[in-house]
Amino acid sequence: MKIENILALAVAKAVKELYQADVEEQQVQLQKTKREFEGHLTLVVFPFLRLSHKKPEDTAQDIGQWLAEHEPAVEKYNVIKGFLNLSIAPGFWLHVLQSIHADADYGIRQAGADAPLVMIEYSSPNTNKPLHLGHVRNNLLGWSLAQILQAAGNRVVKTNIVNDRGIHICKSMLAWQRWGNGETPQSSGRKGDHLIGDYYVAFDKHYREEVKNLQQQYEQEGMDADSAKAKAEKEAPLIKEAHAMLVKWEQGDAEVRRLWQMMNEWVYAGFDETYRALGVSFDKIYYESDTYLVGKQEVEDGLARGLFERHEDGSVWADLTDEGLDKKLLIRSDGTSVYMTQDIGTAKLRFQDYAIDRMIYVVGNEQDYHFKVLSILLDRLGFKWGKSLRHFSYGMVELPNGKMKSREGTVVDADDLVKEMIGTARRTSDALGEGRQDKQDGMDEAEKNEIARIVGMGALKYFLLKVDARKNMMFNPAESIDFNGNTGPFIQYAYARIRSILRKAEAEGCAMPEQVEADVPLNDKEQALIQHLADYAEIVMEAAEELSPSVIANYCYDLVKEFNQFYHDYSILHEPDAAKKRLRLVLSAEVAKVIKSGMQLLGIEVPERM
RNA sequence: GGCUUCGUAGCUCAGUUGGAUAGAGCAACAGCCUUCUAAGCUGUGGGCCAUGGGUUCGAAUCCCAUCGAAGUCACCA
């Protein structure tokens with residue numbers, strides 16, 4: 001049982017006996033005692049004043065006295081204003097440490113066969129360009145959320161919806177046809193998604209040129225600038241050709257489909273590589289080309305049931321004005337489907353494939369409105385899960401000079417970023433290796449590279465996950481990523497140091513004790529560490545409930561900070577008192593265990609040495 | 001303009017059922033490697049928690065207004 005619960009119970013009892021008043025266990029406010037005061041847990045007594053009819057100090061004194069006499073876990077207490085600071089007996093902390101020590105999967109709940117099934121959609125790339133930093137944030141958040149939900153006892157299905165059809169793909173296809181000379185990833189040595197991205201950019205470049213020329217022509221014919229531009233954007237030969245290609249695609253034209261198939265395969269091969277580097281994967285991948293017709297059918301059915309309206313030009317709309325929203329287009333006048341229609345189809349297929357209890361979409365906050373509408377539409381269409389779908393809305397990554405825009409070339413490419421992080425990690429390791437002691441002593445090249453990969457990716461992942469996902473975040477390519485301070489490598493380093501100590505202890509023949517011995521005295525830092533470890537199980541549940549990887553990240557950082565202070569002040573291997581040494585070995589091992597577990601929930605690996 | 005979200009140190013960020021003197025890291029300065037890995041530890045300086053009201057024993061946290069930023073309001077996805 002957790003110490004907070006034990007004390008809450010005891011406090012309720014104390015109030016009952018002292019003031020003859022009933023207090024719910026829930027109402028008892030216990031918080032960690034601030035560093036500058038003595039004690040471990042602090043009771044806020046203000047809520048009890050109306051029961052005691054006494055001053056805060058006296059009330060705290062009363063309750064403290066009672067607890068010290070009746071509750072064995074409370075060793076002593078002190079009162080500062082309305083705050084009752086309680087010191088917990090060392091024996092209790094040893095007991096807590098033992099329970100953590102005995103549980104190999106401490107903090108993790110196994111999902112039973114009847115556990116809730118959560119489907120989590122993330123990544124959702126377009127197949128016309130490579131992944132960038134924004135996608136990286138999405139992928140890492142999605143993966144981490146899946147790990148956290150699983151650790152909290154849910155069954156989790158990770159899914160991806162690939163936007164593999166539409167005008168954007170046709171643009172790349174057209175550009176490749178026109179200027180590609182049959183270039184392939186193999187012939188050019190270029191990663192497939194980048195190759196396709198190049199042609200998308202090429203299309204845009206030529207298209208803009210056409211628009212510019214046409215606009216000039218229209219203006220000379222007497223149009224004003226704005227309408228000339230609008231007309232030019234529609235009339236440019238390239239965009240008309242792309243549209244014609246899209247129509248052919250929808251009609252199933254064999255030639256176009258073959259090209260589409262081939263180029264998408266290139267992109268998928270490229271994405272797979274990036275996903276592998278990021279350490280993410282999916283249980284089930286959906287393709288928009290498979291789901292958009294389902295969505296269209298669903299909308300037609302809804303139309304037949306009078307849920308939607310068809311305009312004169314043939315387009316289909318949902319009227320959401322009674323919900324305080326606008327009217328929303330579902331099917332274009334030319335009969336093709338839009339984004340919303342496809343999402344309806346995808347949702348339907350998913351719930352056919354899985355008995356989903358909970359659906360979570362990891363999608364950027366620029367789509368808040370979209371998911372609000374999707375939820376209402378699914379509900380109206382009669383899907384009982386429509387109302388309860390959850391849009392995990394995360395903020396965008398901003399660059400010092402503004403938003404990332406692929407057209408303006410202000411994107412941070414995912415592959416480049418990964419490469420750069422790993423390279424920086426390697427150079428940092430090499431530089432530190434030249435110091436007083438060679439950290440890389442005895443490592444071969446492969447091992448050095450593997451550590452650089454783990455550390456570089458750890459830095460990147462931690463940087464993106466430690467901040468509150470809902471907020472926009474700033475990424476300064478020049479100086480943002482650091483390997484010191486509140487970073488992934490800081491935590492990984494602490495882990496590697498502990499592992500090193502444990503290896504040395506083992507080599508000395510000092511085996512890890514099965515049991516934590518009772519009656520070993522504890523100093524403040526040891527107690528604080530145990531108290532910190534004791535929170536982990538609750539932190540995991542909290543992270544799952546709030547869907548917040550940053551809760552885990554910040555917990556791990558605090559834990560490591562605490563450990564580092566301990567590590568600095570006390571020796572472990574050189575501790576002369578054998579019982580004390582055994583205790584510290586257990587304590588260190590448990591800190592390492594929790595770090596590893598927490599980092600795993602963030603998708604971050606920990607190195608045995610670095 | 002309507003709606004949504006956000007505003008905490010020079011910079012990047014923590015701070016959730018309202019609790020003590022608002023915390024880290026980076027950057028600056030000053031210390032600590034002859035003992036377990038210095039990617040570390042210790043110290044100094046740095047704050048009108050955007051602004052103004054309100055709610056109460058108590059507000060960075062809850063409510064209202066104002067200012068500022070971002071997103072969205074497409075026959076793009």
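Below, each value reflects all heavy atoms present in this structure, side chains not excepted, and no hydrogens, waters or symmetry copies. Residue numbers start from 1 in every chain, and the chains themselves are labelled A, B, ... in the order their sequence lines are given, proteins ahead of strands.
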In B/S/- notation (B base, S sugar-phosphate only, - none; protein heavy atoms under 4.0 Å), nucleotides 12-19 of chain B written 5' to 3' is SSS-BB-B
Which part of the nucleic acid, if any, lies within contact of Ser429(A), taking any heavy atom under 4.0 Å across all strands shown: a base, the sugar-phosphate backbone alone, or nothing?
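The residue Ser429(A) makes base contact.
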Using a heavy-atom cut-off of under 4.0 Å over every strand shown, decide if Tyr369(A) touches base, sugar-phosphate, or nothing.
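Here Tyr369(A) touches the backbone only, sparing every base.
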Expected output check: what is the dot-bracket annotation of RNA chain B, where ( ) and [ ] are pairs inside the strand (brackets for crossing ones), | is paired with another strand, and pairs are Watson-Crick or G-U under 3.5 Å?
(((((((..((((.....[...)))).(((((.......))))).....(((((..]....))))))))))))....
Of Val560(A) and His168(A), the one whose closest RNA chain B nucleotide lies more 5'
Val560(A)
Contact under 4.0 Å: [X] side-chain N or O vs [N] OP1/OP2:
X	N	answer
Lys372(A)	rG71(B)	no
Asn484(A)	rG40(B)	yes
Arg332(A)	rC76(B)	yes
Tyr567(A)	rA38(B)	yes
Asn564(A)	rC41(B)	yes
Lys327(A)	rC73(B)	no
Lys328(A)	rA74(B)	no

Do the side chain of Asn85(A) and the base of rA20(B) come within less than 3.5 angstrom through a donor-acceptor pair of N or O atoms?
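Such a pair exists between side chain and base.
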Polar side-chain contact Ser571(A)-rC36(B) base: donor and acceptor under 3.5 Å:
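There is none.
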Regarding Lys32(A) and Asp535(A), does a basic nitrogen lie under 4.0 Å from an acidic carboxylate oxygen?
yes
Do the ring centers of Tyr339(A) and His370(A) come within less than 6.0 Å of each other?
yes
Centroid-centroid under 6.0 Å between Phe563(A) and His532(A) rings:
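Ring-ring flag for Phe563(A)/His532(A): false, centres at least 6.0 Å apart.
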Between [X] and [Y], do the side chains contain an N or O donor and an N or O acceptor separated by less than 3.5 Å?
X	Y	value
Glu608(A)	Tyr495(A)	yes
Gln61(A)	Tyr77(A)	yes
Ser315(A)	Ser333(A)	no

Within the 4.5 Å heavy-atom criterion, are Asn160(A) and Tyr286(A) side-chain neighbours or not?
no
When rounded to the nearest Å, what value does the distance between P atoms of rC63(B) and rC26(B) take?
35 Å
Is there ring stacking between Phe37(A) and rA20(B), where the centres must be under 5.5 angstrom apart and the planes under 30 degrees?
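Yes, Phe37(A) stacks on the base of rA20(B), since the ring centres sit under 5.5 Å apart and the planes are within 30°.
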Length of the line joining Tyr292(A):OH and rA77(B):C1', which is rounded to integer Å
15 Å
